[in-house]
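All values reported here derive from a predicted model rather than from experimental measurement.
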Amino acid sequence: MTQITTQKTTKAPPVTRAAIPQSFAQAEDSAIIDSLLYRKSVVKSGTSFETVADSVLAANARPAEADLRAARLRAKAASKNWLPKIGPNISLSSLGSVVTGLLVQQVVYDNGLKKAERDFAAADVEAVAVALSTETNERVLEALSLYLKGQQAREAAHVSAQAEKRLEYFHGIMGERVRGGVSDLSDQRVIANKLREARNQTIADREKAQVALAELNAMADGSLVNVNGLATIETAPTGLKPLAVLEAEAFRSRDIAQARITRAQYLPGATINGTIGENGGANLDIASPELIGVGIRDQLAAVQAAEDAANRRVAQAVEDSNRKLRRLSQQMTALERQEAQAKALAASARENQVLFQQQFEAGVRSIMEVISNYETAMRLEREYVQLKYDRIRVRLEIASQFGALVDGAKI
């Protein structure tokens, strides 16, 4: 048993980092908040990815930040719950006169209730801080995904436009041959259909790019129309816990503190009540905040079960996070292999284009064979573009799981 009146919440030593996030300022000493604070972004400085990330963060409404500010204020208030409480005391005497005074109440022993309340408030700050970090990283991931969607559509449109130009060239040649009676009209119609397909594909790709850019600009602080290019994504530092695990740990601490609060409310405590004023005095009350009923045994058993459930949720979060990260890791390995293979096939197809063009000009290849070769090359180029952007998306998603898309100092 402890005397709560002599216990205060210990403050953390000052953080030596040059830039301390305002969201985490004045937080209690917490390993979880320290972990969030010192996380570095895998997005390199000065790149198009950083420009996009900074722009969408500048326009972020940050509702979780308001929640964190409220949680910090609650924790600050709870840190002083060991101090005496005062309030007016007004009563009607047996003679019909009103007696007023000031009631002072000091808890002497409460089975750890006040300390559990402080622990709950501190864990609530941690939970909301993790939620803020998760919200911020998810916003950046969504913005970069839209940016990649637009860049991919632009690159795919360029591939289709190149094929369109070549098909226009061969369509003109075939028209001359048909007019000269050298080739059949059906071949010209086949080429015309292929040309229309290439044009439609180019238009569709450009429209996809415009839609993605419009949505991205709606999230950003200013226009990102002129932002182009890709950037190398660094690997997230080893030893970081995924945000999902940190969130489960924060909720575990909060749930355990809540269970201790519930338990203490069913056990008797001692409180000194004093009245200052007319007919003032003091007395010692021994009672429990909650009345004890026949179900007290089950209530206390439920408290113990709640603590066990909180620990199990952390274990489940670790398992789920490991499963997701391993799936993404395997996906990344497969995409890297497929991208390298597609890049080699696309390069080989471009070489074949040159060879087929030369053979066509020498009269060895027919125009339909050359067109078929161009179609194959365009398909391989588009597959390579798709795989390249898929690999970048997966790498960004992995970084998001660790909360490594934004510096902790920027949250």
Side chain of [X], backbone of [Y]: donor and acceptor closer than 3.5 Å?
X    : Y    : value
S321 : A317 : no
S145 : L141 : yes
R39  : S35  : yes
E369 : S366 : yes
N137 : S400 : no
T47  : V43  : no
S55  : T51  : no

[atom1] of [X]: more than 12 outside heavy atoms within 6.0 angstrom?
X    : atom1 : result
K208 : NZ    : no
H171 : NE2   : yes
R395 : CZ    : yes

Within the structure provided, determine whether [X] and [Y] are in side-chain contact (heavy-atom separation under 4.5 Å).
X    : Y    : result
Q151 : N228 : yes
L387 : K343 : no
Q401 : I398 : no
F120 : S253 : no
L213 : R154 : yes
Q357 : R166 : yes
L148 : L396 : yes
K44  : E50  : no

Closest approach of [X] to [Y] (non-hydrogen atoms, all atoms of both residues):
X    : Y    : answer
M378 : A163 : SD-CB, 3.3 Å
A209 : A153 : N-CB, 3.5 Å
A156 : R382 : O-NH1, 3.3 Å
G150 : A212 : N-CB, 3.8 Å
A250 : A123 : O-CB, 3.9 Å
I33  : A129 : CG1-CB, 4.1 Å

For [Y], is there an ion pair with [X] - N to carboxylate O distance below 4.0 angstrom?
X    : Y    : result
R139 : E142 : no
D119 : R254 : no
E249 : K241 : yes
R393 : E397 : no
E168 : R199 : yes
R177 : D187 : no

Side chain to side chain contact (heavy atoms under 4.5 Å, CB included) partner of F49, chosen from T232, I392, V227, V42: I392

Rounded distance (nearest 0.5 Å) linking atom [atom1] of [X] with atom [atom2] of [Y]:
X    : Y    : atom1 : atom2 : value
E138 : S133 : CD    : OG    : 9.5 Å
L57  : D407 : CG    : CG    : 10.0 Å
L144 : L216 : CG    : CG    : 8.5 Å
L380 : E375 : CG    : CD    : 12.0 Å
N60  : T136 : CG    : OG1   : 6.0 Å
H158 : R206 : NE2   : CZ    : 10.5 Å

The test is side chain to side chain contact (heavy atoms under 4.5 Å, CB included); show your working for K115 and R260 and say whether it passes. CA-CA 9 Å; K115 184 177 186 305; R260 288 163 49 204; 4.0 Å; yes

Got a sec, which pairs hit ring-ring contact (aromatic ring centres under 6.0 Å, His included) with one end in residues 375-411, sequence neighbours left out? none

Evaluation steps, side chain to side chain contact (heavy atoms under 4.5 Å, CB included), between D320 and R323: CA-CA 5 Å; D320 293 343; R323 285 177 55 194; 4.3 Å; yes

The ring pair (Phe, Tyr, Trp, His ring centres under 6.0 Å) partners of Y374 (sequence neighbours excluded) come to F170

Which is it for E155 and K388 under the salt bridge (charged side-chain N to carboxylate O under 4.0 Å, His left out) test, yes or no, and what are the steps along the way? CA-CA 11 Å; E155 194 168 339; K388 178 173 66 174; 2.8 Å; yes

Quick one: which residue pairs count as a side chain to side chain donor-acceptor pair (under 3.5 Å) with a foot in residues 300-312, not counting sequence neighbours? D308-R312

Candidate pair Q201 and D205, rule side-chain hydrogen bond (donor to acceptor under 3.5 Å, both in side chains), full reasoning: CA-CA 6 Å; Q201 186 65 66; D205 289 334; 3.2 Å; yes

Please walk me through it: do L36 and L243 pass side chain to side chain contact (heavy atoms under 4.5 Å, CB included)? CA-CA 9 Å; L36 296 173; L243 292 181; 3.7 Å; yes

Ring-face cation contact, F360 with R365, 6.0 Å cut, 45° max: no

Before giving the answer on side chain to side chain contact (heavy atoms under 4.5 Å, CB included), spell out for D390 and E339 the whole-Å C-alpha distance, their side-chain angles and the decisive distance to 0.1 Å. CA-CA 9 Å; D390 284 347; E339 180 190 358; over 6 Å; no

